[in-house]
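First the structure, in the form of structure tokens, and then the observations on it.
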Amino acid sequence: MPNSSDQHGDRIQPRTLKGFRDYLPEVMILRERLIETAQKIYRSYGFAPIDTPALEYLDILLGKGSEETDKQLYQFEDHGGRSVGLRFDLTVPLARFVAQHAATLGMPFKRYHIGTVWRGENTQRGRYREFLQCDFDTIGTESIVADIETVLVIHDLFRAIGFSRFTILVNDRRVLSGLLQNLALGRQEPAILRALDKLPKIGLDHVADEIISCSGASMKQVDRILAFAGLEGSNRNILEKIHSMIAGSAIGESGARSLDQFLAGVIAAGVPTERVQLDPAIARGLDYYTGTVLETRLDDLPEIGSVASGGRYDSLVDLFAKQKLPGIGASLGLDRLLAAMDALGMTQPVRTPADVLIPYFERDHLGDYLQLAARLRESGLAVEVFPDAKKLGKQLQYANRRGHRVAIILGANEFAGGICQVKNLASGETSAVPLTETLSEIVLEISRVLEINRNQ
RNA sequence: GUGGUUGUAGCUCAGUCGGCUAGAGCGCCAGAUUGUGGUUCUGGAUGUCGAGGGUUCGAGUCCCUCCAGCCACCCCA
């Protein structure tokens, strides 16, 4: 082409891979807020932060989640010919981590880990190939206290984020195993659980068909399974029925006893009963779960799926260490949660993290503006100085669009009078405040305006 | 990964049967108003029509491939 060498021809098209995204400030501010909330809640229970590499040896990651997760693994050879993979969750790397560092960590070990994970699967709303998980886990104890705490943390976290309408669905894999054992279907467990997992989505009839076709179970067996999975009522009610249906199976009974203690503990800790629902159909797709399993659904947006889930994995670390290191934990799917909050209109766009803008008004007073900003920051405020001495109206317009809450107007008149105007950008009101040595009046006035805004 | 569907300005979208230089609203920039924003008025800029190829005298429009979004399956956060 004759003009292929002009300004367009050789340019690289800016683009991102399917399922991978850029985060603009108004999204990133929300993400960071959620991260901060999660950190705060996790720390309040004694979970300590760790980090691990994004890339692991392939054999660390393969065969841990399920056949499906193996397929979704991003894997390749590095420059040294090593087979490596990007982590698809934070739990498997944690198992490796504790196996490697158990001696120095001490048990029980409680950690949180906020990090990116990658899954090469097809995208959808709330479903990406690169996304952030916020995990917390307790390693090295089989105590039901750890299971109970897992629910408490999720509950506190969702409350802190601002949700009231959510349900934490819980179950124990062992009661499902017990049931299938009693029905002599133990060998087909994975396939049956997978079918069962779809119950809320495709209904009893379709699940029945699928169980029969995947496991060869008889109608009678299927009826028993569906009767079990479809149990409804209060948690106490369901528990009683579970107890009777898995009677005789050692593993089933241990699961049911565990559920008793688990639910009692959760309620004792103050979680409202309606937020914790025992659901015998919850199975989870990852192979490493051995006991308690849980999912969190938003009552107003159930179709987006689980936004926080996890469970107990008492044998996962066995794959990496001789020492018996049981674990339990859960993961908040931050990007999915954000997609849900967006769909629910819970995300008010914020474009700036700075409450205060100082317009650059008098060209000759740059030093004064910079000094004022610096001193206001010392008192804990986030302050931005506009870089160009444009018309005041332009600068206020900028402040308005960006979402600054306060502008400090300081021109020739104010300098002469030894004052400044503190302008509430939401209401338009200004008040003249003396520019004193300590700036205490200004800080007080800004705080007052911010407080008014916050209460609106 | 499979199937369906969509892709036109920063955003939401129109664009007839294939036919002139691709439009609207909102937003953006400038001015009205060189010391006070959000309202109003006036003016202005902005598109490789998702990308590449094909059919045609002629393609935003038809065909193929690819890329991306959405939905379903699968699986999951």
Side-chain angles (χ1 to χ4, degrees), chain A residues 1 3-4 6-21 24 34 65-72 88-91 114-135 154 190 193-195 197-198 201-202 206 210 283-287 294-298 303-310 330-340 343 357 359-363 386 389-415 421-430:
Chain A
M1 286 178 74
N3 52 358
S4 67
D6 70 10
Q7 54 179 338
H8 292 301
D10 299 324
R11 202 163 276 169
I12 300 161
Q13 190 188 354
R15 56 188 188 148
T16 51
L17 287 163
K18 181 187 179 77
F20 290 71
R21 302 169 302 153
L24 273 57
L34 286 180
S66 66
E67 263 180 52
E68 195 58 35
T69 52
D70 284 357
K71 270 192 249 165
Q72 294 175 1
F88 73 92
D89 73 2
L90 300 176
T91 306
I114 295 170
T116 310
V117 302
W118 294 267
R119 293 182 193 176
E121 63 172 338
N122 225 338
T123 55
Q124 248 176 69
R125 178 195 298 278
R127 189 171 178 165
Y128 313 100
R129 288 183 172 171
E130 177 182 69
F131 57 98
L132 197 67
Q133 289 198 323
C134 308
D135 277 37
I154 290 177
L193 293 189
R194 217 172 301 132
D197 221 34
K198 298 176 198 166
K201 213 166 203 175
I202 64 177
H206 291 278
E210 191 163 331
R284 314 281 312 140
L286 300 175
D287 292 341
L294 53 95
E295 297 189 356
T296 310
R297 303 258 170 83
L298 300 175
E303 65 271 19
I304 204 157
S306 176
V307 285
S309 46
S331 182
L332 172 74
L334 189 134
D335 287 301
R336 177 175 289 185
L337 183 67
L338 214 49
L357 181 81
Y360 183 3
F361 198 165
E362 296 294 333
R363 206 169 283 279
F386 197 84
K390 282 192 187 172
K391 284 199 289 189
L392 184 57
K394 289 290 167 205
Q395 301 190 49
L396 290 176
Q397 193 175 55
Y398 169 87
N400 186 49
R401 291 198 180 121
R402 269 287 144 69
H404 298 285
R405 300 183 181 284
V406 176
I408 299 185
I409 294 165
L410 199 45
N413 300 342
E414 285 78 11
F415 281 117
Q421 291 182 51
V422 174
K423 185 179 181 81
N424 179 343
L425 286 165
S427 67
E429 295 163 13
T430 62

Non-hydrogen atoms of A/R336 and A/V307 that approach each other most closely
CG-CG1, 4.1 Å
Correct closest heavy-atom pair for A/R129 and A/E121 would be NE-O, 2.7 Å
Nearest-angstrom distance, [atom1] atom, [N] to [M]:
N	M	atom1	value
B/G38	B/U48	C1'	36 Å
B/U21	B/G60	P	11 Å
B/G19	B/G25	P	24 Å
B/G1	B/U39	P	47 Å
B/C75	B/U6	C1'	24 Å
B/G47	B/G10	C1'	11 Å
B/U65	B/C73	P	26 Å
B/A68	B/C49	C1'	16 Å

Does the side chain of A/T69 come within less than 4.5 Å of A/F88's, by heavy atoms?
yes
Contact check, side chains of A/K18 and A/N122, non-hydrogen atoms, under 4.5 Å
yes
Rounded to whole Å, how long is the line connecting atom [atom1] of [X] with atom [atom2] of [N]?
X	N	atom1	atom2	result
A/H206	B/C74	NE2	P	11 Å
A/K71	B/G1	NZ	P	12 Å
A/L193	B/C75	CG	C1'	15 Å
A/L24	B/G10	CG	P	14 Å
A/R127	B/A72	CZ	C1'	11 Å
A/R125	B/G69	CZ	P	13 Å
A/L294	B/C76	CG	C1'	14 Å
A/Y128	B/G69	OH	C1'	11 Å

OG1 of A/T91 to CD of A/Q133: how many Å apart, nearest 0.5 Å?
7.0 Å
Which distance, rounded to the nearest 0.5 Å, do you find between the CZ of A/R297 and the OG of A/S309?
9.5 Å
What's [X] touching, base or sugar-phosphate or nothing? Going by heavy atoms closer than 4.0 Å.
X	value
A/T69	nothing
A/G310	nothing
A/G120	nothing
A/E68	sugar-phosphate
A/R194	sugar-phosphate

Listed nucleotide nearest any side-chain atom of A/Q124, set B/C76, B/A72, B/A68:
B/A72
Closest to the A/N122 side chain: B/G1, B/C76, B/C75?
B/G1
Would you say the ring centers of A/F20 and A/Y128 fall short of 6.0 Å from each other?
no
Mind checking who [N] pairs with, Watson-Crick or G-U wobble, both distances under 3.5 Å?
N	result
B/A72	B/U2
B/U65	B/A51
B/G35	none
B/C29	B/G43

With A/K394, which residues qualify under salt bridge (Lys or Arg N to Asp or Glu O under 4.0 Å), at least two apart?
none
Any N or O donor-acceptor pair under 3.5 Å from the base of B/C76 to the side chain of A/R336?
yes
Readout for nucleotides 28-38 of chain B: B = base within 4.0 Å of protein heavy atom, S = sugar-phosphate only, - = neither; 5' to 3' it is SSSS--SBBBB
So A/D89 and A/R119, salt bridge (charged side-chain N to carboxylate O under 4.0 Å, His left out) or not? Walk me through it.
CA-CA 9 Å; A/D89 73 2; A/R119 293 182 193 176; 5.3 Å; no
Both A/G126 and A/L17 contact RNA chain B. Which one's nearest nucleotide lies toward the 5' end?
A/L17
